[in-house]
Amino acid sequence: MDETEFWKIVDAAREDAEGDAEEQADLLVERLTRLDPDSVLDYARHFEARYNRAYLWDLWGAAAVLFDGAGEEVFDSFRCWLIGQGREVYEGAVHDPDALAELLDDFDVEIDGDGEEIGFAADEAYEALTGAETPDLGIPMPGGEPLGTPLDLADDEALEARFPRLWERFGAG
């Protein structure tokens, strides 16, 4: 599976789920179980690589603006959800997290941003196909601090300064 195929699966599930992350996760599992186990592992590698790539201070700060604060679990779930939004939103956010102000049509903290189940879709599909847990994908986890310039996630002034467009649209101010 190449990158284009990965994004096609993500996009098709998102479109069919009409923005419902839990439904999207269920659709991903359903679609992945139509593939062979090796293809599911390829999908999982693509997902994990993008999840790790999004381990950035600026994305964590963007999540803190969207959620009015974001601990580690919220940020982990947000990164899964961000991948689930598709290539355009994901790549735009990774390159310029403040661009989420334009990339997100709407954002409702009650229903958006929680992509934990999306992050487990490949594991569920692989187990359904093989009866075994997903093996080690060979992708190193990022260690320590996120990449980029550290940010005090509880400092509204710092968040507003770093993400002016996002703050204007979604911030506490």
Shortest non-hydrogen separation from G92 to A99 and the atoms involved: O-CB, 4.3 Å
Test item: C80 and F120 side chains (from C-beta on) under 4.5 Å apart, heavy atoms: no
Measuring centre to centre across the rings, with the benzene-like ring taken for any Trp, is F107 within less than 6.0 Å of F67? yes
Is it the case that more than 12 heavy atoms not belonging to E22 sit under 6.0 Å from its CD atom? no
Taking all non-hydrogen atoms of both residues, which atom of A21 and which atom of D114 are closest, and how far apart? CB-O, 3.5 Å
Value rounded to 0.5 Å, distance of CD in E18 from CD in E23: 9.0 Å
I want to check something: taking the side chain as every heavy atom from C-beta on, are Q85 and L100 in contact at a cut-off of under 4.5 Å? no
D36 atom CG, neighbour heavy-atom count above 12 within 6.0 Å: yes
Lys/Arg-Asp/Glu bridge criterion (N-O < 4.0 Å) met for E91, R53: yes
Rounded to the nearest 0.5 Å, the CD atom of E30 sits from the CG atom of D16 at a distance of 9.0 Å
Transitive ILVMFWY side-chain link I118 to V29, under 4.5 Å: no
Polar side-chain atom of E48 near backbone of L137 as donor-acceptor pair, under 3.5 Å: no
At what distance, to the nearest 0.5 angstrom, does CD of E124 lie from CG of L129? 12.0 Å
Kindly determine whether L41 and R45 satisfy side-chain contact (heavy atoms from CB on, under 4.5 Å), including the steps that lead there. CA-CA 6 Å; L41 291 178; R45 285 184 193 95; 3.7 Å; yes
Less than 4.5 Å apart, side chain to side chain, heavy atoms only: is that true for R87 and E3? yes
Test side-chain contact (heavy atoms from CB on, under 4.5 Å) applied to L153 and D155, D156, L151, the passing residue: L151
Exercise: identify the closest heavy-atom pair between R31 and A13: NH1-N, 3.1 Å
Rounded at 0.5 Å granularity, tell me how far CG in L66 sits from CH2 in W81. 7.0 Å
State whether the side chain of W167 and the backbone N or O of V65 hold a donor-acceptor pair below 3.5 Å, judged by distance alone. no
So does E102 have more than 12 non-hydrogen atoms from other groups sitting under 6.0 Å from CD? yes
How long is the gap from CG on D76 to OH on Y55, to the nearest 0.5 Å? 7.5 Å
Under the side chain to side chain donor-acceptor pair (under 3.5 Å) rule, what pairs show up with a residue in residues 133-154, not counting sequence neighbours? D123-T134
I would like to know whether D58 and F163 meet side-chain contact (heavy atoms from CB on, under 4.5 Å); could you show each step before the answer? CA-CA 9 Å; D58 279 351; F163 312 104; 4.0 Å; yes
Side chain to side chain, F75 and E72, heavy atoms closer than 4.5 Å: no
Can you give each donor-acceptor pair under 3.5 Å made by side-chain atoms of residues 4-11, sequence neighbours left out, with the distance rounded to 0.1 Å?
unit_1: E5; atom_1: OE1; unit_2: D2; atom_2: N; d: 2.8
unit_1: D11; atom_1: OD1; unit_2: R14; atom_2: NH1; d: 2.7

Shortest non-hydrogen pair, G148 vs W57, comes out as O-CD1, 3.5 Å
Does P142 offer a backbone N or O that forms a donor-acceptor pair with the side chain of N52 under 3.5 Å? no
Closest approach of P97 to L166 (non-hydrogen atoms, all atoms of both residues): O-CD2, 4.0 Å
CA sep, side-chain torsions, deciding dist, call: L35, Y43, side-chain contact (heavy atoms from CB on, under 4.5 Å): CA-CA 10 Å; L35 304 174; Y43 173 93; 5.7 Å; no
Following the transitive rule for hydrophobic clusters with a side-chain heavy-atom cut-off under 4.5 Å over Ile, Leu, Val, Met, Phe, Trp and Tyr, establish whether Y126 and L27 coincide in one cluster. no
Say you draw a straight line from CZ of R165 to CZ of F170; how long is it, rounded to the nearest 0.5 Å? 12.0 Å
Give the minimum heavy-atom separation between S77 and E116, together with the two atoms involved. OG-N, 3.3 Å
